[in-house]
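Because the structure is a prediction, the values reported are computed rather than measured. Read the numbers this way: they start at 1 and go in the same order the structure lists the ligands and their atoms. These values consider heavy atoms only, across backbone and side chains, with no hydrogens, waters or symmetry-generated copies.
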Amino acid sequence: MTGHVYFVGAGPGAPGLLTRDAHRAIQTAHVLLVDALVSPAVLNDIRWDATVVDVGKRGGQSGPAQEQITERLIHEARAGRKVVRLKGGDPTTFGRLSEEIEGLQKYGIPWSVVPGITAACAAAAAAGFSLTDRDLSASLTLLTGHRRVGGPNPELDWQAASRSGTVAVYMGVLQAHDNVDKLLQAGVPPETPVLIVRRASWNDEQMWQTRLADLPDAIDRYSIRPPAVWIVGDVTTNARIGVRRPNNGNVVLLRPAGQDNGWKDRLEQTGRQVLWFPLQRTIPAPDIGRRLSELAENPGDYAIFTSPNAVRYWLDAHTSAGHDVRSWSGVRIASTGEATTAALAAAGIRCDLTSHSSGGAGELATILANNQPAVATIFQAADGQSEGFTKLATAGWQLTYCRTHKKELRGDGRLLQLAASRNWINAIIWTSSSQVEGVTRLAPEMLRGQWIHIAIGDPTAQALVSAGVPEPVKATHPDLESVVNVLDQN
Ligand code: SAH
């Protein structure tokens, strides 16, 4: 079966400026070919097994040639995959869309285009003015300041472009000198106002206002580098460049999948752009169904739950095996912490005994050991500890362990490599030492950049130091507010 190629506009940068169709395509793609101007923050929520291919040109180095990109699209689609070709802004605007579509057409590969917000619109939105205006400008020209070397290259008619209205120049930072000369020669008055917007909608968005004749100087003086659009026309006198979005930087979050969204949402509310890239997820233990059937025959006296996940996977396993929890009706239920008790309560199961989360298994075992020795099943993760329950075994209890779920590591860390190599990261939040192991294997460049490493807990901080991060910053408490405090102070 042939796959499908989606040419998707990633918008100017901020993830909120993706269309819903774009987001859906990103979430479901097997393979994503990502251009240089795409922000890693729009790549939240990619599939667990998605492959991310960085086809951007950066730092003067060229990316893969156009033919190679088209070949890759064809190859992936012919293998039946859903492919997203992610382009900055809008794919139909200075994005070589037709060349790539032509390549697919030759092989009969189905494709669709999802539009995006183009840079000129994002720039105007950032500065709060209208690109057209019934008194000042009746047209908008999108123009490239950079021409292809050696192509048929129709000469740009600068005069026509500038005659009636606003001109937005893309890819015109490095060519500004030459572009401005042409506009002046075409008769555009030297005092025509110009607005320059760099990285519209990113956290480090910047804007400047100048006059056409002074534009090249302004670019030198303020060391303005691409990507920026400059907009020429009287409409830009209405630009309000004093209004800035909060520049609180970009954060990579590595918390496991399945944990609540609160962290990402809260970090976004503090004006940060977030890439949440879980390195681990939990999956059901392979033989949980068989084990439950065995236990249903002989459920013993106690069922002990050691985490909310143990409860969740235990419940799910009943459902998928066609059982329900009635086989446990005569059994006493115990839990090693409040969150676990709450997970049981949410399923309509009241706990007979709960220890405090801080005391955990050890505390529960001490309470239970006051009773007559009994038969207990302990539901826990595949890598769960048994030490806490030693006291029960010593007291003559008969303990059986049932592994409900296990951790699985992600296979592809190329999205992290992309974020690191584009220097997009300001801070990384590490919540466990296993994340350090995962990153060492999948994207070691994350351990080397000039960003802040925030560690939750001593073992995490130690793992970072062993991995070569000289000074991780420790959060005082293992919670989000402490992390936000550390971010605010650094
Ligand atoms: N398809 C893109 C344009 C690609 S050409 C779009 O529709 O926006 C690349 C040029 O786009 C850059 O050189 C710059 O001029 C402009 N550009 C892209 N993203 C931008 C942004 N966030 N802020 C300012 N200019 C941007």
Side-chain angles (χ1 to χ4, degrees), residues 6-19 22 33-42 55-60 62-63 66 69 84-101 113-129 131 140-148 151 156 161 166-180 194-209 215-216 218-219 222-232 236 239 241 244-245 247 250 273 422-424:
Y6 295 81
F7 295 95
V8 175
L17 298 180
L18 280 178
T19 65
L33 278 76
V34 181
D35 262 358
L37 294 179
V38 173
S39 165
V42 306
V55 295
K57 307 176 198 67
R58 358 176 189 111
S62 59
Q66 190 60 50
I69 296 176
V84 160
R85 175 73 177 101
L86 200 56
K87 291 173 181 274
D90 176 69
T92 71
T93 308
F94 304 127
R96 297 190 179 182
L97 177 67
S98 301
E99 292 170 48
E100 292 179 22
I101 288 179
V113 181
V114 181
I117 294 175
T118 192
C121 295
F129 72 98
L131 288 167
L140 167 65
T141 305
L142 305 184
L143 191 149
T144 168
H146 173 84
R147 310 314 313 287
R148 177 148 75 126
L156 265 176
T166 312
V167 181
V169 181
Y170 287 60
M171 293 173 276
V173 171
L174 304 177
Q175 273 73 25
H177 221 293
D178 181 56
N179 297 165
V180 168
V194 176
L195 171 73
I196 311 159
V197 182
R198 179 167 191 272
R199 291 168 77 85
S201 89
W202 295 62
N203 264 329
D204 51 354
E205 168 185 288
Q206 288 174 293
M207 298 183 233
W208 300 266
Q209 274 177 308
L215 176 69
I219 288 179
Y222 302 115
S223 311
I224 303 174
R225 308 283 311 151
V229 274
W230 42 276
I231 300 175
V232 189
T236 65
I241 69 168
R244 291 282 163 83
R245 68 183 62 245
N247 178 8
N250 303 318
Q273 293 190 5
R422 293 181 179 184
N423 264 320
W424 175 83

### Query
Which of the numbered atoms in ligand 1 are below 4.0 angstrom from a heavy atom of Arg199?
21 (C), 22 (N), 23 (N), 24 (C)

### Task
Could you pull out the closest heavy-atom pair between Gln209 and Thr236, with the gap in Å?
NE2-O, 3.0 Å

### Task
Check each atom of ligand 1 against the heavy atoms of Thr93 and keep those under 4.0 Å away; list them by number with element.
1 (N), 2 (C), 3 (C), 7 (O)

### Query
Does Met171, backbone or side chain, put an N or O under 3.5 Å from an N or O of ligand 1?
yes

### Query
Numbering the atoms of ligand 1 from 1, which are under 4.0 Å from a heavy atom of Thr118?
6 (C), 7 (O), 8 (O)

### Task
Looking only at protein heavy atoms, identify the closest one to atom 23 (N) of ligand 1 and say how far it is in Å.
Ala200 N, 2.8 Å

### Message
Do Ile69 and Glu100 make a side-chain contact, defined as non-hydrogen atoms from C-beta onward lying under 4.5 Å apart?
### Response
yes

### Query
Which atoms of ligand 1 have any heavy atom of Pro12 under 4.0 Å away?
22 (N)

### Query
Taking side chain as C-beta onward, heavy atoms only, is Asp35 less than 4.5 Å from Val55?
yes

### Query
Looking only at distance, does Asp90 have an N or O less than 3.5 Å from an N or O of ligand 1?
yes

### Query
Hey, which atoms in ligand 1 end up nearer than 4.0 Å to a heavy atom of Val197?
24 (C)

### Message
My understanding is that we take every heavy atom of each candidate and find the minimum distance to atom 16 (C) of ligand 1. Doing that for Ala119, Ala126, Gly89, which one comes out nearest?
### Response
Ala119

### Task
Can you sort out which atoms of ligand 1 are near Phe94, meaning under 4.0 Å from one of its heavy atoms?
4 (C), 5 (S)

### Worked verdict on Thr118 versus Tyr170 for side chain to side chain donor-acceptor pair (under 3.5 Å)
CA-CA 10 Å; Thr118 192; Tyr170 287 60; 2.7 Å; yes

### Summary
A student checking ligand 1 against Leu37 at a 4.0 Å heavy-atom cut-off should list atoms 9 (C), 12 (C), 18 (C)

### Task
State the atoms of ligand 1, each with its element, that fall below the 4.0 Å cut-off from a heavy-atom position in Trp202.
22 (N)

### Summary
Of Gly172, Ala228, Gly88, the one whose closest heavy atom lies nearest atom 14 (C) of ligand 1 is Ala228

### Query
Can you find a pair of side-chain heavy atoms, one from Phe129 and one from Ile231, that are under 4.5 Å apart?
yes

